[in-house]
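Read the structure below first, then the notes.
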Amino acid sequence: MATIRQQAYQDVLHRTPKHIEFDGKISEIFGENVFHQEVMREYLPDGAYKMMMASMQSGARLDRNIADQVASAMKDWALTKGATHYTHWFQPLTGTTAEKHDAFFKPVGPGRAIERFDGDLLVQQEPDASSFPNGGIRNTFEARGYTAWDPSSPAFVIGKTLCIPTIFISYTGESLDYKMPLIKALHAVDQAAVDVCQYFDKNVSKVIATLGWEQEYFLIDKALYNARPDIMMTGRALFGQAPAKGQQLEDHYFGSIPERVTAFMRDFETESIRLGIPVTTRHNEVAPNQFECAPIFEECNLANDHNLLLMDLLEKIAIKHDFRVLLHEKPFSGVNGSGKHNNWSLSTNTGVNLLAPGKNPKTNLQFLTFFVNTIKAIHDNADLLRACIASASNDHRLGANEAPPAIISTFIGTYLSSVLDDLEQSVKAGKMSPEEKTELKLNIGKIPQIMLDNTDRNRTSPFAFTGNKFEFRAVGSSANCSKSMIVLNTIMASQLRIFKAQVDARIEKGDSKDEAILKELQQMIKDSKKIRFEGNGYGDEWVQEAEKRGLNNFKDTPRSLDIWDDKRIIGIFEELNVLTHREIEARKEIEFENYVHKLQIEARLIGDLTQNHIIPAVINYQNRLIQNVQGLISVLGKDGAGAAKAQTELITKISEHLNKMKSLCDVMLEARKKANKIESIEEKAVAYCDEVKVYFDDIRYHADKLELLVDDELWPLPKFREMLFTR
Ligand code: ADP
Ligand code: MG
């Protein structure tokens, strides 16, 4: 009888590209499933429309009457799209999105029904949410959680459901999601940046953070996925010999996209476009069967909603094309892992990108101000940036040789390095002469406007300046970008406030405005030097150099998370009203819990797969060898032993690996039992990291050796070459 693996492989061989339904003009369907501004104008009475626009701008609450009108318009529009249900769509701390659908339909008498949706249902709901992670925030007596409408992010229809983006909070008002603190962080950076912009341009009244993410992912065939319990349950292959041909020929990167994959991409892009996600870029990534998708950047909150939606769409549409998408950071050891670069910048209502060099000395001084403030924020809060990208799955990637190191540093390129070095040297203490000031301004004015020079890119830096934005490259492919965006925007807001206070103090003491800014920049350049690194971030020398510089290198999640106890950090988040101490503690606890759960599941699967899949196959094969040896001896007599030399060696080798694998599994089981008894979640996480996880690779080593020894026909788990190369 064929094994599941063999059956799956047969399925794969017979696949053909799926028919693509939409073949029209993309521009005609862009945003057609979104309740966007144009639709609102059409469906809302004038007054309500104006109030709605104002609320979207300012975040102010809509009064009940207007909310009713918006709800009714939303419903009418959604019905034209075939929607039958609505849901509040939120982002609990599980890291994915959540929804609970309710019908518009409401019986109003015998045999009569109407479609109903009013302001109350739009503005707030109470999902039965007691089993979402809350880190101890909700005691049972106040176990209720509320979702509340976020008017700044537009509603949309997926399938037959109207989805309304919402925040998720506890009965006592604490946030239980990623959206609410993100909105608060964006508000904080808006205010702080507007204040600093006043030095340069009084017309600036709003600054938005922009986010352009690049989503990497793997595709494998659905049938092979289903035959790999480890990939199904943990998102990664816990076993598997790397294929003879991996990515060493570098023939996949930007190569032509296989037809079946193109069909899938076109389909999910069409759905994305309909939902207003401006996806524009698609290409093969470095590893076989690894791909990337990127949209044009957007306002940060919207961009993040879009990323979450896209991750969801990827999975849904992949299944239609008989694929499964893997968003895990390291599904296959031996080939590259997946990240999600977060390109980030700040942009004003006057249309200026604050991280793009300007046309003249004044705009360039503004650019340098925001540029140097970012570097200082990274410098002062490097450990926090490390913490916000930490997860059990990203631990496999950070510091591995193809991904940014776990050491946070920033790359700015040779040109800007020299600009900062100059500035550091040439700003004089005390009063500057008019000549000195002119000279400085001239130098600043020389910064070229366009610096998008691809030759000056450093792809090994976790946080690189790329001409008109910073690129946070260490973010994991499965992450909710909010985690990094909450931190980045908050530390930037905090830094800008400090900067403003310092500059104002200098002005008070008699410096001119420009002088004060320049002196402050000079000081910050000096103070943040150690975070700048232009070399190879993948090299061992950097690890040593970073240690000398006093930069931390937290290799695992449990160690990275400790920074959330830091009083200064808690102070920043409380002062800017992004997260309270209690919310921070709750989040930290959830991170630890997540970590432990992920490793627990992996450890169980390692036990299950070795015991129930690998060992039986190995014994089966070994028995064949034994029979063969016995047969040879019975036929050849004394000479049989010599004739069976290779077989006997194989039998011994197999036993060696089998015994080692099995005894390591037993030791791991004991370590797990011990770890499970630990009360404190933080200590438990450390125990899982140091005492349990350490066996994973050793067990795998022997299992993978066995894969090489056992008859291919008998091996139960789809092999890497099948998962990564068949299409
Ligand atoms: P790569 O990093 O793959 O070389 P690019 O540098 O061309 O790609 O762009 C990467 C991403 O940066 C794109 O998704 C783009 O939308 C985004 N991006 C460009 N400008 C900004 C900006 N001002 N703010 C945020 N993201 C931006
Ligand atoms: Mg990039």
Side-chain angles (χ1 to χ4, degrees), residues 30 182 185-186 189-190 193 197 204 206-217 252-255 257 265 269 272-273 276-287 290-311 314 336-358 363 366-367 370-371 373-374 402-404 410-413 416 449-475 477 479 481-482 484-485 488-489 492 537:
F30 182 61
L182 177 63
L186 293 171
V189 82
D190 172 12
C197 283
V204 173
K206 177 142 184 100
V207 170
I208 58 162
T210 50
L211 166 64
W213 41 264
E214 302 165 54
Q215 179 74 52
E216 294 180 346
Y217 60 93
H252 188 67
Y253 194 49
F254 285 15
I257 302 174
M265 284 179 171
E269 284 169 2
S272 306
I273 292 284
I277 310 172
V279 285
T280 50
T281 305
R282 56 161 105 116
H283 61 77
N284 286 356
E285 262 302 327
V286 175
Q290 190 189 28
F291 305 93
E292 179 182 301
C293 156
I296 292 168
F297 68 94
E298 298 175 287
E299 184 278 324
C300 189
N301 178 30
L302 181 63
N304 187 53
D305 281 357
H306 280 167
N307 180 243
L308 288 164
L309 256 179
L310 181 116
M311 290 199 282
L314 274 173
N336 270 16
S338 301
K340 175 153 53 197
H341 300 175
N342 278 198
N343 295 274
W344 168 88
S345 188
L346 295 170
S347 164
T348 68
N349 61 308
T350 54
V352 173
N353 174 355
L354 293 168
L355 288 173
T363 47
Q366 175 173 281
F367 157 69
F370 282 89
F371 181 64
N373 268 290
T374 312
E402 88 286 354
T410 182
F411 166 90
I412 60 173
L416 285 167
Q449 226 182 320
I450 310 281
M451 264 190 308
L452 299 167
D453 179 0
N454 275 309
T455 55
D456 198 16
R457 284 253 177 139
N458 182 326
R459 298 192 178 272
T460 66
S461 173
F463 204 95
F465 184 71
T466 49
N468 57 2
K469 62 190 184 288
F470 277 93
E471 183 170 351
F472 194 7
R473 304 176 67 258
V475 181
S477 50
C481 306
S482 292
S484 45
M485 286 299 121
L488 185 54
N489 289 299
M492 188 62 179

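Each ligand, and each atom within it, is numbered from 1 in the order the structure gives. On a predicted model such as this, the values are computed, not experimentally measured, just so you know.
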Straight-line distance of Tyr217 OH to Leu314 CG, nearest 0.5 Å: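 Tyr217 atom OH to Leu314 atom CG measures 6.0 Å (nearest 0.5 Å).
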With nothing but distance in play, are any N or O atoms of Pro295 less than 3.5 Å from an N or O of ligand 1? yes
Check: Asn343 N/O within less than 3.5 Å of ligand 1 N/O: yes
Apply side chain to side chain contact (heavy atoms under 4.5 Å, CB included) to Trp213 and Val475, showing your working. CA-CA 10 Å; Trp213 41 264; Val475 181; over 6 Å; no
Which ligand 1 atoms, with their elements, are less than 4.0 angstrom from a heavy-atom of [X]?
{"X": "Glu214", "value": "1 (P), 2 (O), 3 (O), 10 (C), 11 (C)"}
{"X": "Asn353", "value": "23 (N)"}
{"X": "Ile296", "value": "16 (O)"}
{"X": "Gly212", "value": "25 (C), 26 (N)"}
{"X": "Thr210", "value": "22 (C), 23 (N), 24 (N), 25 (C)"}

Where does the angle between the aromatic ring planes of Phe470 and Phe463 fall among parallel (under 30°), tilted (30 to 60°) and perpendicular (over 60°)? tilted
Determine whether the side chain, the backbone, both or neither of Glu471 has a heavy atom under 4.0 Å from any heavy atom of ligand 1. side chain
Counting only N and O atoms by type, is there a donor-acceptor contact under 3.5 Å from the side chain of [X] to the main-chain atoms of [Y]?
{"X": "Lys340", "Y": "Cys481", "result": "no"}
{"X": "Gln215", "Y": "Cys293", "result": "no"}
{"X": "Asn349", "Y": "Lys206", "result": "yes"}

